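Note sheet for the following structure.
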There are 2 protein chains.
Amino acid sequence: MDKLGWISLLLDFYGPLLTDKQFAYMEMYYNNDLSLGEIAEEHSVSRQAVYDIIKRGEKILEEYENKLGLVKKFNKEREKLNQVAKIIAELKRNHKNDELDRALKLLAEVVEMETR
Amino acid sequence: MDKLGWISLLLDFYGPLLTDKQFAYMEMYYNNDLSLGEIAEEHSVSRQAVYDIIKRGEKILEEYENKLGLVKKFNKEREKLNQVAKIIAELKRNHKNDELDRALKLLAEVVEMETR
């Protein structure tokens, strides 16, 4: 997983433990793809200030993950569930079956993936 | 879910954010089924001290869950995955199929359930 995706997941899991400002800057930077300069301008602060706050936020998120490991666990489970979904999708191709449809739909609600 | 199961899950998810003492007392009380008196005796403190530390720990865990909601999300997902597992187990009964076996095995690794 690349760094963008990783930090984005950390934000999903632990974001509410950040200060409002840390969360807002990190969301703009990592999820909305704004540059440091754009965030700085929007909030009338220096680029350095934005950078420092984002780096501090990253450190806090990584510390929570180091302690709890919930994102790593989540990723491992997603991998397995994606495999299950693939198997079911493959079976569906050969055996038209309402129950397989239902299983796949439930799985898709959990793993939020493409299942067609 | 009853209170014992709920606190036990909160401990699983957020336990590492407690102090060593909070975690140890809560684990003895909720997971190892020791009484307040037994924990007090083992640590040469009063029953009241044990009680206070456990109550404080519960409060901290609930505060993390209120902010992050990860255990509630986990429970909802487990419900869906258990339904998926049931569907697959049912299909397996009618269609002997190695792929269904594999899907069920992977699911069982994620949801830690009885799948026979």
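Below, each value reflects all heavy atoms present in this structure, side chains not excepted, and no hydrogens, waters or symmetry copies. Note that the structure is a prediction, hence the values are computed from the model and not measured.
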Closest heavy-atom contact between B/Leu68 and A/Tyr14?
CD2-CA, 4.1 Å
So which atom in A/Leu70 and which in B/Leu70 form the shortest heavy-atom distance, rounded to 0.1 Å?
CD1-CD1, 3.6 Å
Salt bridge or not for B/Glu109 and A/Lys73, using N-O below 4.0 Å?
no
Salt bridge B/Arg78-A/Glu77, side-chain N to carboxylate O under 4.0 Å
yes
More than 12 heavy atoms of other residues, nucleotides or ligands under 6.0 Å from [atom1] of [X]: is that the case?
| X | atom1 | answer |
| --- | --- | --- |
| B/Lys21 | NZ | no |
| A/Asn32 | CG | yes |
| A/Asp20 | CG | no |
| A/Glu41 | CD | no |
| B/Tyr51 | OH | no |
| A/Asp2 | CG | yes |

Quick check: do A/Leu81 and B/Leu81 have side-chain heavy atoms less than 4.5 Å from each other?
yes
With heavy-atom distances below 4.5 Å as the criterion, would you say the side chains of A/Ile87 and B/Leu106 are in contact?
yes
Interface moiety of B/Phe74 toward chain A, non-hydrogen atoms closer than 4.5 Å:
side chain
Quick one: what part of B/Tyr64 sits under 4.5 Å from any heavy atom of chain A, side chain, backbone, both or neither?
side chain
For chain A, find which of B/Leu17, B/Ile88, B/Asp12 contributes the most heavy-atom pairs closer than 4.5 angstrom.
B/Leu17
From B/Leu100 atom CG to A/Leu100 atom CG, the distance as rounded to the nearest 0.5 Å:
7.0 Å
